[in-house]
Amino acid sequence: MRKSTPPDVRAPRDTASATVELEDVPFGRFHLHVAVAGSGGQFSDGYILGIIGIALTSATDDLALNAVWLGLLGAASLAGLFFGSLFSGALIDRIGRHPIFAFDMPLLAALSLAQFWTAAAWQLLLLRLLLGLVLGADYAASKTLVSELAPRKSRGRMMSVLAIAWAAGYTIAYLVGYLIAQTAPGDRPWTWMLASSAVPALLVAAARLGVPESPRWLIAKGRAQEAAAMIAAKIGPHVTLPTAPAPSSGAPAESGSLRALFAPALRSRTVIACVFYLCHIMPYFALSTFSPRILASLGVHNAYFGGAVYNLLLLVGAVVGMSVIDRLTRRRFLVGSFAVAAVLLLPLGILHDLPITLVIVLFAALAFALSAADTLAFVYPQELFPTRMRATGVGAAVAASRIGASISTFLLPVVVESFGIRTAMTGLVLVLAAGALACYRYAPETSGLKLGSQ
């Protein structure tokens with residue numbers, strides 16, 4: 001007969017079996033805080049970029065804006081984003097993710113508020129450029145930091161929260177702008193619209209208190225003890241440190257260098273990250289910024305209503321994108337999203353006299369498809385680069401996308417005025433088709449990738 005173990009006697013605990021690697025920690029309260037803090041910056045970004053479309057409609061007469069000025073002001077923040085993301089990425093890989101992540105939001109709030117006193121088009125142009133510079137730095141810092149603190153199995157969904165926040169900011173900006181247009185005191189409601197972006201920036205600054213530096217970056221810089229202490233304090237003592245992989249053949253020795261992105265080991269990944277992001281964002285921003293004007297050109301009489309539907313579908317698409325991003329392989333999602341968007345946009349470019357209802361349905365479905373695919377922009381570039389080069393690579397990809405967004409946002413009103421709306425739509429179809437082809441041919445698969453393996 002077997003003897004039962006006395007209740008006060010316990011078998012020795014296998015402490016090794018109780019440990020878990022950082023990337024395999026279940027999603028918890030700490031990760032929720034990081035996701036909210038990171039997504040807050042994306043909300044502010046979407047809000048600042050979204051509010052300009054409806055504000056320019058109201059400011060056209062006050063500032064005597066022609067098509068060229070409309071294009072310049074619509075593209076100004078995107079141009080600033082290019083320089084901010086391109087040059088801050090290398091800095092972030094050298095000094096860490098946290099310094100910029102923690103302190104850029106108060107500056108963003110101050111610049112946002114300064115727009116209230118704009119008296120001339122050149123002043124607004126300057127402020128929009130500066131806003132873009134700060135947003136570009138936040139893009140590189142927040143995307144990199146959140147991805148490096150996210151668990152591997154939920155990285156796609158956690159990073160997709162940033163995409164949802166961006167779409168929410170963009171959509172809410174449109175709705176707030178519409179409300180302000182009806183209720184703001186005085187005869188310059190657009191100044192209230194633009195200054196309102198200070199509110200989310202200040203809220204985000206408060207939400208970021210307590211978010212730590214990336215342990216991966218600390219380890220890559222030889223500061224493993226700091227990383228261990230941070231992980232123990234924020235997540236628990238049972239979590240083991242990620243290992244720093246040895247550099248592979250052809251990998252750049254230095255970190256935080258734009259030149260190193262084009263070393264043999266990273267060159268193809270750098271190119272595909274830039275091409276994917278550029279081809280996705282060109283139609284996304286051009287169509288979103290000028291949705292009321294585009295719909296009016298396509299014969300929709302209540303263009304503001306159509307624009308509101310478009311922006312609401314941006315938000316719905318981001319939510320759906322989050323639900324499927326970890327269920328599809330990255331390549332299938334990349335290629336398929338480009339193809340679907342191209343098919344939806346093609347009828348608006350080649351067919352004449354479409355029923356108004358069909359125009360709105362196609363435009364709304366296009367918003368849904370583009371926004372669902374936008375979740376990839378918050379996940380895929382981070383997975384293409386190793387820790388020592390992640391912020392630099394993400395910054396370069398964001399910069400490339402903002403080149404495309406600036407060009408398309410500047411050219412769209414000019415092309416529509418000179419050659420017609422259908423020529424502009426057909427050009428964007430070609431951009432989407434090029435993105436599908438490039439991703440099908442060159443994009444590597446990264447589904448299930450452990451960032452620590454790079």
Side-chain angles (χ1 to χ4, degrees), residues 12-41 89 91-104 138 140-162 204-247 255-256 326 378-379 381-394 446 448-454:
R13 184 179 177 186
D14 183 358
T15 56
S17 64
T19 62
V20 59
E21 191 175 333
L22 177 65
E23 208 157 6
D24 294 320
V25 173
F27 185 91
R29 184 180 300 175
F30 168 74
H31 302 105
L32 179 61
H33 181 196
V34 172
V36 170
S39 62
L91 178 65
I92 290 163
D93 275 330
R94 290 174 181 166
I95 70 171
R97 290 72 165 109
H98 185 264
I100 290 177
F101 182 82
F103 298 111
D104 57 9
D138 188 71
S142 62
K143 286 186 174 184
T144 303
L145 181 59
V146 175
S147 69
E148 291 179 349
L149 291 172
R152 173 169 54 104
K153 291 184 179 179
S154 55
R155 185 188 306 128
R157 290 188 295 274
M158 187 167 164
M159 297 301 296
S160 296
V161 174
L162 276 68
V204 174
R208 290 186 171 183
L209 296 174
V211 175
E213 181 58 87
S214 163
R216 296 193 182 283
W217 182 84
L218 291 171
I219 292 168
K221 294 297 181 179
R223 296 160 61 179
Q225 281 190 317
E226 274 185 68
M230 186 279 290
I231 291 171
K234 296 292 184 178
I235 306 177
H238 63 291
V239 180
T240 60
L241 292 174
T243 57
S255 63
D326 286 328
F378 290 82
V379 181
Q382 289 88 293
E383 295 177 340
L384 290 174
F385 298 100
T387 298
R388 67 186 181 279
M389 293 296 299
R390 186 162 292 122
T392 308
V394 170
T446 61
L449 174 74
K450 295 185 71 172
L451 296 184
S453 67
Q454 297 176 301

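Fair warning: this is a prediction, and the values are worked out from it, not measured in the lab.
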Distance-only, no hydrogens or angles: does the Arg388 side chain make a donor-acceptor pair with backbone N or O of Ala220 under 3.5 Å? no
Do you know which of Val36, Asp104, Val34 makes side-chain contact (heavy atoms from CB on, under 4.5 Å) with Arg208? Asp104
Determine yes or no for a side-chain-to-main-chain donor-acceptor pair under 3.5 angstrom, with Trp217 supplying the side chain and Asp93 the backbone. yes
Considering the options Lys234, Glu226, Arg97, His98, which one meets the side-chain contact (heavy atoms from CB on, under 4.5 Å) requirement together with Pro212? Lys234
Ignoring hydrogens and angles, tell me if any N or O in the side chain of His31 forms a donor-acceptor pair with the backbone of Gly28 under 3.5 Å. yes
Could I get the full list of side chain to side chain donor-acceptor pair (under 3.5 Å) partners for Ser39, not counting sequence neighbours? none
So, for Ile219 and Ala227, which heavy atoms are closest and what is the spacing to 0.1 Å? CG1-CB, 3.9 Å
Are the side chain of Arg155 and the backbone of Ala150 linked by a donor-acceptor contact shorter than 3.5 Å? no
Does the distance from a Lys or Arg side-chain N to an Asp or Glu carboxylate O, for Arg152 and Glu21, drop under 4.0 Å? no
Side-chain donor-acceptor contact under 3.5 Å, Arg157 with Ser160: no
Restricting to side chain to side chain donor-acceptor pair (under 3.5 Å), what partner residues turn up for Ser147, sequence neighbours left out? none
Hey, are the side chains of Met230 and Glu213 touching, using non-hydrogen atoms and a 4.5 Å cut-off? no
